[in-house]
Enquirer: 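Here it is, the structure in full.
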Amino acid sequence: MSSMSSLHIQVGLPTDLSVTAARLYADAFQRKLSPILGPRPTLEAILQAALYPPNAIVALHDGALLGLAGIQHQQKHFVDVGWSHLRQFHGTLGALGRAGLGLLLMRPHRPDELLMDGIAVDSSARGQGIGSLLLEAVCDFAHREGYARVRLDVIDTNPGARRLYERHGFRAVHTQSLGWLKPVFGFGSAIEMVKSVKGETP
Ligand SMILES: CC(C)(COP(=O)(O)OP(=O)(O)OC[C@H]1O[C@@H](n2cnc3c(N)ncnc32)[C@H](O)[C@@H]1OP(=O)(O)O)[C@@H](O)C(=O)NCCC(=O)NCCS
């Protein structure tokens, strides 16, 4: 899809990298996901079981995974956690409470928007432009597939990521407060940001 020196960006996670992808995703989103999926290593195990490899845009360097951006495409999330995953790892009662919490982070599906499910770069490779390349690749993909916009959420405790999105043309359109659940998830609100990709040249 695109490359810079020996860095390669492609659509689709090679399936043999699912374990690494789950680790990378857990490193980046542990604070937000653990209340729903559980502490490590359960978090990593559920992610690994629930990953849908085609719905990721990944950055590879000599075959090693340096970063990934999950996308929701053709009705599938990159991290597609279902009731069966929760019940397998937490039992029926535990799964009920966790599914309830999960509903709070759900976003409505809008057919003309590509939802970015989360972007993460290996901590040793941040600040070198990989996140920017992944974001551009997500927007190119959205344009090619005929979506009008790309949508993502950024939490209020992550101003660095918000700056990155703004530099790439994303604009905040809505803020959803977590209210009394702030201590559970460790952030107070999620800001929805969108970028139009209609007129873009891929
Ligand atoms: C956000 C993230 C994907 C950016 O990837 P990256 O490869 O470092 O991005 P780039 O090199 O293209 O751009 C760097 C910019 O990312 C942002 N950034 C956020 N966290 C950063 C970190 N730990 N190290 C470096 N940059 C970071 C900054 O805005 C930085 O630019 P600036 O500080 O000069 O304004 C990466 O930092 C990451 O994986 N963070 C943890 C997971 C996360 O927060 N994901 C976003 C959830 S909404």
Side-chain angles (χ1 to χ4, degrees), residues 1-11 13 17-37 40 43-44 47-48 50-51 55-62 64-72 77-79 81 102 104-107 113-142 149-178 181-182 184-195:
M1 193 172 178
S2 105
S3 63
M4 195 175 75
S5 63
S6 52
L7 189 78
H8 177 71
I9 308 282
Q10 69 174 49
V11 179
L13 172 75
L17 292 177
S18 290
V19 175
T20 323
R23 196 182 314 129
L24 190 66
Y25 211 80
D27 282 344
F29 300 114
Q30 178 160 356
R31 183 66 186 89
K32 181 177 177 180
L33 294 180
S34 273
I36 301 164
L37 302 184
R40 288 174 102 146
L43 168 63
E44 245 175 84
L47 286 175
Q48 205 188 312
L51 287 190
N55 282 4
I57 294 185
V58 302
L60 303 170
H61 185 266
D62 290 339
L65 184 68
L66 286 192
L68 63 85
I71 50 178
Q72 186 190 5
H77 286 273
F78 170 57
V79 177
V81 178
L104 295 167
L105 300 186
M106 293 275 278
R107 294 288 169 266
E113 289 182 350
L114 181 77
L115 181 68
M116 193 177 83
D117 258 350
I119 182 168
V121 170
D122 189 281
S123 55
S124 67
R126 289 180 192 161
Q128 298 172 31
I130 296 173
S132 295
L133 285 175
L134 286 170
L135 263 186
E136 284 162 20
V138 169
C139 293
D140 287 351
F141 177 86
R149 287 174 296 280
V150 174
R151 183 160 54 101
L152 56 82
D153 275 329
V154 62
I155 56 179
D156 59 352
T157 50
N158 200 348
R162 179 171 178 166
R163 268 202 312 277
L164 175 69
Y165 301 143
E166 281 171 346
R167 273 207 301 272
H168 285 268
F170 285 83
R171 295 290 165 253
V173 291
H174 179 70
T175 300
Q176 171 138 10
S177 174
L178 275 187
L181 280 168
K182 181 176 177 175
V184 176
F185 288 104
F187 64 93
S189 59
I191 300 115
E192 190 181 316
M193 301 185 82
V194 298
K195 178 182 176 175

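Whatever order the structure lists them in is the order used to number ligands and atoms, beginning at 1. On a predicted model such as this, the values are computed, not experimentally measured, just so you know.
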Enquirer: Under a 4.0 Å threshold between the charged nitrogen and the carboxylate oxygen, would Arg40 count as salt-bridged to Asp27?
Expert: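 Counted as a salt bridge, because a side-chain N and a carboxylate O are separated by less than 4.0 Å.
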Enquirer: In the protein, which heavy atom is nearest to atom 45 (N) of ligand 1, and how far is it?
Expert: Ile119 O, 2.9 Å
Enquirer: Could you measure the distance from the CD1 atom of Ile71 to the CZ atom of Phe141? Nearest 0.5 Å is fine.
Expert: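 So the CD1 of Ile71 and the CZ of Phe141 are separated by 4.0 Å.
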Enquirer: So, is Asp153 polar-close to ligand 1, with some N/O to N/O distance under 3.5 Å?
Expert: no
Enquirer: Could any protein non-hydrogen atom be found less than 4.0 Å from atom 36 (C) of ligand 1?
Expert: yes
Enquirer: Look at ligand 1 and say whether Asp122 reaches it with a heavy atom at a distance under 4.0 Å.
Expert: no
Enquirer: For residues Ser34 and Leu43, report the shortest heavy-atom separation together with the two atoms involved.
Expert: OG-CD2, 3.8 Å
Enquirer: Could you check whether any side-chain N or O of Arg126 sits under 3.5 Å from a backbone N or O of Val121, counting only pairs where one atom can act as donor and the other as acceptor?
Expert: yes
Enquirer: Judging by distance only, is a nitrogen or oxygen of Tyr165 under 3.5 angstrom from one on ligand 1?
Expert: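 No, there is no polar N/O contact under 3.5 Å.
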Enquirer: Could you check if a side-chain atom of Asn55 sits within less than 4.5 angstrom of a side-chain atom of His77, using non-hydrogen atoms only?
Expert: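 Result no, sub-4.5 Å side-chain heavy-atom pair not found.
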Enquirer: Are any of the side-chain heavy atoms of Phe78 and Leu68 separated by less than 4.5 Å?
Expert: yes
Enquirer: Using a strict 4.0 Å cut-off to heavy atoms of Ala28, name the atoms of ligand 1 that fall inside it.
Expert: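 Those qualifying, in numeric order: 42 (C).
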Enquirer: Among all protein heavy atoms in this structure, tell me which lies nearest to atom 12 (O) of ligand 1, with the distance rounded to 0.1 Å.
Expert: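 For atom 12 (O) of ligand 1, the nearest protein heavy atom is Ser132 OG, 2.6 Å.
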Enquirer: So which bit of Leu152 gets within less than 4.0 Å of ligand 1, heavy atoms only: side chain, backbone, both or neither?
Expert: neither
Enquirer: Show the nearest heavy-atom pair for residues Ala26 and Glu44, with the distance to one decimal.
Expert: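 Result for this residue pair: CB-CG, 3.9 Å.
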Enquirer: Check this for me - ligand 1, Gly131, N or O atoms closer than 3.5 angstrom, yes or no?
Expert: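 In this structure, Gly131 places an N or O atom under 3.5 Å from an N or O of ligand 1.
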Enquirer: At less than 4.0 angstrom from any non-hydrogen atom of Ala120, what atoms of ligand 1 do you find?
Expert: 39 (O)
Enquirer: Can you report which non-hydrogen protein atom sits closest to atom 13 (O) of ligand 1, along with the distance?
Expert: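 Residue, atom and distance for the closest contact: Leu164 CD1, 3.5 Å.
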Enquirer: From the options Leu24, Val121, Thr157, Val154, select the one whose nearest heavy atom is closest to atom 39 (O) of ligand 1.
Expert: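 Shortest heavy-atom distance from atom 39 (O) of ligand 1: Val121.
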Enquirer: Ignoring hydrogens, tell whether any protein atom lies closer than 4.0 Å to atom 17 (C) of ligand 1; use the non-hydrogen atoms only.
Expert: yes
Enquirer: Kindly identify the option in Arg163, Met193, Met116, Arg167 whose heavy atom sits closest to atom 31 (O) of ligand 1.
Expert: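 Closest candidate by heavy-atom distance is Arg167.
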Enquirer: Please state which protein non-hydrogen atom is closest to atom 24 (N) of ligand 1 and give its distance, to 0.1 Å?
Expert: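 Nearest protein contact, heavy atoms only, for atom 24 (N) of ligand 1 is Arg126 CB, 3.5 Å.
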Enquirer: Is atom 41 (C) of ligand 1 touching the protein, meaning some protein heavy atom lies under 4.0 Å away?
Expert: yes
Enquirer: Check the pair Leu60, Leu65 against side-chain contact (heavy atoms from CB on, under 4.5 Å), reporting the backbone distance first and the verdict last.
Expert: CA-CA 5 Å; Leu60 303 170; Leu65 184 68; 4.0 Å; yes
Enquirer: Polar-atom distance check: Gly129 versus ligand 1, any N or O pair below 3.5 Å?
Expert: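 Yes - when backbone and side-chain N and O of Gly129 are compared with those of ligand 1, one distance drops under 3.5 Å.
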Enquirer: Are any of the N or O atoms of Gly160 closer than 3.5 Å to those of ligand 1?
Expert: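 N/O-N/O distance below 3.5 Å exists for this pair.
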Enquirer: Working note: Leu33 + Tyr25, criterion side-chain contact (heavy atoms from CB on, under 4.5 Å); need CA distance, chi angles, decisive distance, verdict.
Expert: CA-CA 10 Å; Leu33 294 180; Tyr25 211 80; 4.0 Å; yes
Enquirer: In the structure I gave you, are the side-chain heavy atoms of Val150 and Phe170 within less than 4.5 Å of one another anywhere?
Expert: yes
Enquirer: Tell me: protein heavy atom nearest atom 47 (C) of ligand 1, and distance?
Expert: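 The answer is Phe29 CE2, 3.6 Å.
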Enquirer: Quick one: does Lys195's side chain have a donor or acceptor within less than 3.5 Å of a partner on His168's backbone?
Expert: yes
Enquirer: Could you give me the CA-CA distance, side-chain angles and deciding distance for Glu166 and Arg171, then say whether side-chain contact (heavy atoms from CB on, under 4.5 Å) is met?
Expert: CA-CA 6 Å; Glu166 281 171 346; Arg171 295 290 165 253; 4.0 Å; yes
Enquirer: Is the shortest N/O to N/O distance between Gly127 and ligand 1 below 3.5 Å?
Expert: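 Yes, at least one N or O pair falls under 3.5 Å.
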Enquirer: Could you identify the single nearest non-hydrogen protein atom to atom 44 (O) of ligand 1 and state the distance to 0.1 Å?
Expert: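 Here the closest protein heavy atom is Asn158 ND2, 2.7 Å.
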Enquirer: Below 3.5 angstrom, do we get any N/O pair linking Ile155 and ligand 1?
Expert: no
Enquirer: Of all the heavy-atom pairs spanning Ile119 and Gly131, show the shortest one and how long it is.
Expert: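 Taking every non-hydrogen atom into account, CD1-O, 3.6 Å.
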